[in-house]
Amino acid sequence: MSAGKIMPAGMRFPGRYLQGPGALSRLGAEIQGLAPGSSALVLVDGGVHGLIAGELASALDKTDALVLRHGGECSETAIAAAAGAARDKGAGVLVGIGGGKALDTAKAAAHEAGLPVIVVPTIAASDAPCSALAVVYHDDGTVAYDRFLPRNPDLVLVDTGLIARAPARFLAAGIGDALATFYEAEACRRSGAANCLGMPGLPLAYEIARFCRDTIFEHGAAALAECDADTAGPAIERVVEANILLSGIGFESGGVAAAHAIHHGLTEIDAVHGHLHGEKVAIGVLAGLLIQGDEAEFARVRDFCAKVRLPVRLGDIGLVAPSDDDLFRIAERACRPGEIIHNEPMPVTSPMVVAALARLR
């Protein structure tokens with residue numbers, strides 16, 4: 001950047017964000033607020049439908065809503081089916097309830113149908129609910145492509161009472177995903193790399209990313225203890241905010257780098273497929289800090305990961321005895337041309353990634 005020349009910078013946000021125990025009860029009123037007098041198509045994750053059926057029926061008591069169960073994948077078939085059902089219903093709003101694939105299906109289907117979308121996450125395992133991104137899979141479960149949407153959800157409605165009842169492993173995985181937010185945004189800030197808008201973030205983006213990290217460091221362990229007790233206490237409130245809202249704004253507006261690129265590489269190995277996104281991202285954070293040569297921060301983050309039930313070794317995500325060929329395969333995928341690892345503030349090569357991963361064996 002030449003001296004004195006100011007370049008455009010920007011950020012992304014969901015339209016509105018509401019969080020707290022019992023927030024699901026507001027769903028009917030929020031549907032009417034977005035589209036007064038309209039009906040709604042409500043897409044519910046099949047895995048949680050039976051668990052929340054009573055609460056959902058109460059929330060939709062005075063709303064003309066068609067409730068459909070989501071079949072499991074965010075595929076082009078599922079997206080088209082949901083968009084078609086919304087059109088057939090004459091819906092004015094599309095609602096997605098559940099985990100990431102159900103929410104991504106709802107976001108993409110709402111775009112196809114030209115409708116506002118309400119997102120209701122039932123776990124806090126990633127920062128996906130606030131984003132303008134849908135990961136589209138083939139019908140056989142393999143990843144097809146990332147679908148970037150023109151706007152973020154109109155409303156993200158987070159019932160922490162529901163999230164507290166989910167297994168604590170999901171919350172821990174969300175902490176792992178949120179952990180990457182600061183370290184990747186800081187890498188992009190230092191290198192001048194673009195965010196998800198294709199431009200640098202505003203200073204607020206990097207401060208949100210920093211606050212995200214500080215929040216999970218302070219409240220992460222206590223939040224997991226509350227989740228173990230099925231209690232939406234003050235620590236869960238802060239960590240859910242960090243996992244979903246702060247991390248969501250931070251990654252889209254600050255940028256992404258080594259941690260998620262190494263995650264992409266790890267998914268090349270079949271042994272890791274039973275582990276959650278945030279668990280693999282945590283390994284990516286640790287490897288990224290080793291690549292940067294920040295031994296002190298590496299030790300600090302490693303100790304934090306152990307404290308909040310996140311992996312600290314490759315064996316913790318299924319790579320019990322990875323071969324040199326395995327490490328090279330991961331590194332090659334992470335470092336391919338155009339990959340986000342090249343947003344780091346120094347050149348990163350496959351041998352550097354292999355050396356970092358070898359330290360985590």
Side-chain angles (χ1 to χ4, degrees), residues 72-76 99-105 123 125-128 131 133-148 169-170 172-181 183-184 187 196 243 247 251 255-291 305 310-344 348-361:
E73 293 298 344
C74 176
S75 63
E76 289 188 349
K101 291 183 179 181
L103 303 185
D104 281 1
T105 302
I123 54 175
S126 77
D127 49 25
S131 75
L133 171 68
V135 180
V136 181
Y137 293 76
H138 297 295
D139 290 326
D140 65 3
T142 58
V143 175
Y145 58 91
D146 291 336
R147 183 167 180 176
F148 294 92
R169 182 185 176 191
F170 291 117
I175 292 172
D177 201 25
L179 181 63
T181 303
Y183 296 103
E184 293 189 300
C196 293
N243 286 9
S247 186
F251 99 79
V256 284
H260 277 83
I262 293 168
H263 162 275
H264 298 344
L266 288 167
T267 61
E268 294 288 305
I269 308 299
D270 290 343
V272 309
H273 289 175
H275 294 269
L276 299 173
H277 171 82
E279 294 169 339
K280 290 172 278 192
V281 168
I283 290 292
V285 173
L286 293 172
L289 290 169
L290 289 173
I291 290 166
C305 286
L310 287 170
V312 296
R313 296 282 181 187
L314 294 177
D316 298 334
I317 57 169
L319 289 171
V320 177
S323 67
D324 290 343
D325 286 345
D326 288 333
L327 300 188
F328 183 76
R329 184 177 171 193
I330 294 166
E332 283 288 286
R333 171 63 179 84
C335 294
R336 70 186 185 182
E339 187 52 81
I340 52 178
I341 203 165
H342 303 300
N343 289 341
E344 291 289 326
V348 179
T349 64
S350 294
M352 293 167 68
V353 176
V354 169
L357 292 173
R359 289 268 309 267
L360 301 176
R361 278 201 275 207

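This chain uses plain numbering: 1 for the first residue, then up along the sequence. As a basis for the values below, the full set of heavy atoms in this structure was taken, side chains included, without hydrogen atoms, waters or symmetry mates.
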Looking at every heavy atom in both Leu276 and Ala173, which two are closest together, and how far apart are they? CD1-CB, 3.7 Å
Under 3.5 Å donor-acceptor, His342 side chain and Cys335 backbone: yes
Enclosure of Glu339 CD (heavy-atom neighbours >12, cutoff 6.0 Å): yes
Working to the nearest 0.5 angstrom, can you tell me the gap between Leu319 CG and Leu327 CG? 8.0 Å
Any salt bridge (Lys or Arg N to Asp or Glu O under 4.0 Å) involving residues 271-285? Give me the pairs, sequence neighbours left out, ordered by first then second residue. Arg169-Glu279
Separation between CD1 (Ile291) and CD (Glu344), nearest 0.5 Å, reads 7.0 Å
Given Leu360 and Leu290, is the side chain to side chain contact (heavy atoms under 4.5 Å, CB included) satisfied, shown in steps? CA-CA 10 Å; Leu360 301 176; Leu290 289 173; 4.2 Å; yes
Within the distance-only criterion (no hydrogens, no angle test), does the side chain of Arg313 pair as donor or acceptor with the backbone N or O of Arg359 below 3.5 angstrom? yes
Using the six-membered ring wherever Trp is involved, compare the ring planes of His263 and His260 and label them parallel, tilted or perpendicular (cut-offs 30° and 60°). tilted
Could you pull out the closest heavy-atom pair between Ala259 and Ala180, with the gap in Å? CB-CB, 3.9 Å
Calculate, to the nearest 0.5 Å, the distance between atoms OG1 and CZ belonging to Thr181 and Phe251 respectively. 8.5 Å
Can Ile262 and Leu357 be said to form a side chain to side chain contact (heavy atoms under 4.5 Å, CB included), step by step? CA-CA 9 Å; Ile262 293 168; Leu357 292 173; 4.3 Å; yes
Check for a donor-acceptor pair, side chain of Asn343 on one end and backbone N or O of Val256 on the other, with a separation under 3.5 Å. yes
Nearest heavy atoms of Glu332 and Ser350, plus distance in Å: OE2-OG, 2.7 Å
Rounded distance (nearest 0.5 Å) linking atom CD1 of Ile175 with atom OG of Ser126: 13.0 Å
Nearest 0.5 Å, what's the CG-CD1 distance between Leu266 and Ile317? 4.5 Å
Separation between OG of Ser247 and CG of Leu179, rounded to the nearest 0.5 Å: 9.5 Å
Nearest heavy-atom approach of Cys305 to Ala282 is SG-CB, 4.4 Å
Verify side chain to side chain contact (heavy atoms under 4.5 Å, CB included) between Tyr145 and His138, making sure each step is shown before the conclusion. CA-CA 9 Å; Tyr145 58 91; His138 297 295; over 6 Å; no
For Asp177 and Gly174, indicate whether the former's side chain and the latter's backbone hold a donor-acceptor pair under 3.5 Å. no
Could you go through the side chain to side chain contact (heavy atoms under 4.5 Å, CB included) check for Val354 and Ile330 one step at a time? CA-CA 8 Å; Val354 169; Ile330 294 166; over 6 Å; no
Residue pair Arg333 / Phe328, side-chain heavy-atom distance below 4.5 Å: no
Any idea which heavy atoms bring Asn243 and Ala178 closest together, and the distance? OD1-CB, 3.8 Å
Glu268 side-chain N/O to Arg329 backbone N/O, donor-acceptor pair under 3.5 Å: no
Between Arg361 (side chain only) and Pro322 (backbone N and O only), is there a donor and an acceptor less than 3.5 Å apart? yes
Side chain to side chain contact (heavy atoms under 4.5 Å, CB included) partner of Ile283, the single match among Leu314, Leu310, Val312: Leu314
Over all atoms of both residues, closest heavy-atom pair of Ala356 and Ala287: CB-O, 3.6 Å
